[in-house]
Amino acid sequence: MSSCNISRMLLLSLFITSLLAMTASAGNFFQDFDITFGDQRARILEGGQFLTLNLDKYSGSGFKSKKEYLFGRIDMQIKLVPGNSAGTVTTYYLSSEGPIHDEIDFEFLGNSSGNPYTLHTNVFSQGKGDREQQFHLWFDPTKAFHTYSFVWNSQRIIFLVDNIPIRVFNNLESFGVPFPKNQPMRVYSSLWNADDWATQGGRVKTDWTQAPFTASYRNFKANACVAGSSSSSCGVATTASTDSTQQGAWQTQTLDAAGRNRLRWVQQKFMVYNYCSDLKRFPQGLPVECKRSRF
């Protein structure tokens with residue numbers, strides 16, 4: 001066999017292995033997720049293309065991904081509980097297992113009718129969180145589906161809403177800040193009652209006459225490294241296009257000038273809490289990462 005043919009076979013083998021290691025197509029909820037609690041309150045519909053979570057007085061509901069991921073871009077379209085959602089929390093997050101777990105959070109804190117949801121974000125590494133940033137959204141998240149995304153690579157975590165960056169958490173291990181990079185994580189989501197704290201510090205309780213409360217999901221995409229794969233890589237980041245949703249681009253994704261401007265716009269106009277500004281909470285000095293660039 002000629003060296004040319006051997007090279008072609010090696011390239012084909014690497015290509016197939018890379019495809020096995022990375023998933024980039026729209027998901028099917030039957031294939032990609034398991035219901036974790038709530039029995040019939042969690043329903044997969046339309047042949048796996050659509051999922052709803054429900055909360056009533058007796059229980060909430062939730063689901064988790066069958067696969068674990070170690071770095072990637074995760075997208076989900078969600079339509080939140082409409083009307084009087086006070087006391088309810090809809091979660092969508094990545095998490096490993098164990099007492100020193102890593103976690104990357106979106107949590108949507110409900111509110112009484114006419115008042116905005118609070119989007120709560122957090123990052124846990126080696127069991128330590130306390131890195132909360134909260135936002136109000138610039139749209140009504142109950143009227144239509146919107147895309148909520150995590151970009152997670154070895155350099156940074158980017159939180160995006162409709163592809164607009166709202167938060168960046170950089171890898172600052174060189175400054176002693178733990179960063180989630182070694183523990184594979186699953187995708188989780190749940191809808192549950194948290195009226196002891198979720199809305200106005202627990203002052204507004206869940207109105208059970210409005211139950212059941214429903215959150216809806218569609219168009220899950222995981223362009224990510226699947227843990228346990230035999231491949232040592234997840235493909236090569238594309239350089240031919242600036243489309244950050246293309247397969248592999250997330251591996252080195254950062255914010256360009258337009259992205260930095262969008263992040264400034266969100267944080268100046270819609271951020272309602274930032275742990276890096278909470279001097280009362282940290283009387284001995286703000287965390288190390290708060291003294292570095294937010295980009």
Side-chain angles (χ1 to χ4, degrees), residues 18-55 60-80 89-98 100-108 120-125 129 145-154 157-161 180-192 214-231 233-235 245 247-248 250-251 253:
S18 176
L19 288 179
L20 290 173
M22 178 175 292
T23 61
S25 59
N28 179 292
F29 285 104
F30 281 121
Q31 297 173 2
D32 295 329
F33 292 94
D34 291 319
I35 304 302
T36 53
F37 72 101
D39 299 322
Q40 298 303 312
R41 295 174 183 84
R43 301 179 64 199
I44 300 176
L45 308 167
E46 298 180 12
Q49 301 304 304
F50 190 74
L51 184 148
T52 60
L53 293 181
N54 287 276
L55 164 68
S61 50
F63 61 89
K64 69 176 181 180
S65 63
K66 296 178 185 290
K67 296 176 181 177
E68 293 181 298
Y69 304 100
L70 186 60
F71 303 132
R73 175 171 176 140
I74 306 294
D75 303 282
M76 185 82 79
Q77 290 191 337
I78 306 173
K79 184 164 64 172
L80 296 176
V89 174
T90 305
T91 69
Y92 161 55
Y93 61 101
L94 307 178
S95 182
S96 65
E97 297 179 355
I100 54 170
H101 77 294
D102 296 338
E103 189 172 320
I104 307 170
D105 288 340
F106 278 124
E107 295 186 355
F108 304 89
H120 175 101
T121 68
N122 204 352
V123 176
F124 288 75
S125 184
F145 285 91
H146 292 270
T147 303
Y148 303 91
S149 309
F150 303 104
V151 171
W152 171 36
N153 58 41
S154 60
I157 298 163
I158 306 174
F159 296 74
L160 302 110
V161 177
K181 69 173 188 179
N182 297 317
Q183 300 188 73
M185 295 196 268
R186 297 185 193 274
V187 182
Y188 292 84
S189 189
S190 61
L191 173 58
W192 53 290
T214 303
S216 303
Y217 301 77
R218 69 181 188 188
N219 289 346
F220 166 71
K221 295 181 182 179
N223 185 356
C225 301
V226 176
S229 167
S230 60
S231 173
S233 72
C234 292
T245 65
Q247 183 167 319
W250 57 264
Q251 294 181 62
Q253 186 170 339

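Here the structure is a predicted model, which means the values were calculated and not measured.
Here H101 pairs with F124 under the ring-ring contact (aromatic ring centres under 6.0 Å, His included) rule; sequence neighbours left out.
Atom NZ of K66 and atom CZ of F30 lie 10.5 Å apart (nearest 0.5 Å). Rounded to the nearest 0.5 angstrom, K221 NZ and R73 CZ are separated by 9.0 Å. Rounded to the nearest 0.5 Å, atoms OG (S125) and CD (Q183) are 8.0 Å apart. The CG atom of L70 sits 10.5 Å away from the NZ atom of K181 when rounded to the nearest 0.5 Å. With rounding to the nearest 0.5 angstrom, the CD1 atom of I35 is 7.5 Å from the OG atom of S61. Considering OG1 of T36 and CG of L53, their distance stands at 8.0 Å, rounded to 0.5 Å.
With T90 contributing its side chain and L80 its backbone, the two residues share no donor-acceptor pair below 3.5 Å. In this structure, the side chain of W250 does not engage the main chain of I74 through any donor-acceptor pair within 3.5 Å. Of the possible polar contacts, none joining the D102 side chain to the P180 backbone as a donor-acceptor pair under 3.5 Å is found. When atom types are taken as modelled, the side chain of S96 and the backbone of P184 share no donor-acceptor pair closer than 3.5 angstrom.
Taking both residues in full, the closest heavy atoms of G62 and A42 are given as O-CB, 4.4 Å, listed atom of the first, atom of the second, then distance. Smallest separation of non-hydrogen atoms from F159 and D105: CE2-O, 3.3 Å. E107 and T91 get closest at one heavy-atom pair: CG-CG2, 4.0 Å. Nearest heavy-atom pair across F108 and I78 is CE1-CD1, 4.3 Å. The shortest non-hydrogen separation linking F145 to K79 is CD2-N, 3.6 Å.
For the residue pair S65/D32, the side-chain donor-acceptor check at 3.5 Å is not satisfied. A donor atom on one side chain and an acceptor atom on the other are found under 3.5 Å apart for Q77 and T147.
Between F29 and F220, the ring planes lie tilted relative to each other; the angle falls in the 30° to 60° range. Aromatic ring orientation, Y217 versus F63: perpendicular (interplanar angle above 60°, classes split at 30° and 60°).
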- Before giving the answer on side chain to side chain donor-acceptor pair (under 3.5 Å), spell out for T52 and T214 the whole-Å C-alpha distance, their side-chain angles and the decisive distance to 0.1 Å. CA-CA 7 Å; T52 60; T214 303; over 6 Å; no
- Task: Determine, stepwise, if the pair F37 / S190 fulfils side-chain contact (heavy atoms from CB on, under 4.5 Å).
- Result: CA-CA 9 Å; F37 72 101; S190 61; 4.0 Å; yes
- Query: After noting the C-alpha distance and the side-chain angles of N28 and Q49, does the key distance pass the side-chain contact (heavy atoms from CB on, under 4.5 Å) rule?
  - Reply: CA-CA 6 Å; N28 179 292; Q49 301 304 304; 3.5 Å; yes
- Carefully, step by step, assess S149 and D75 under the rule side chain to side chain donor-acceptor pair (under 3.5 Å). CA-CA 4 Å; S149 309; D75 303 282; 2.4 Å; yes
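With a 4.5 Å cut-off on side-chain heavy atoms, R43 and L51 do not count as touching. Taking the side chain as every heavy atom from C-beta outward, L55 and R41 never approach each other to under 4.5 Å. Residues F106 and Y93 have side chains not in contact (no heavy-atom distance under 4.5 Å, counting atoms from C-beta outward). Within the 4.5 Å cutoff, side-chain heavy atoms of W152 are placed close to those of I104.
Between Y92 and F150, a ring centre-to-centre spacing shorter than 6.0 Å is recorded.
Remark: R186 fails to qualify as a cation-pi partner of Y69 under the 6.0 Å distance and 45° angle criteria applied to the six-membered ring.
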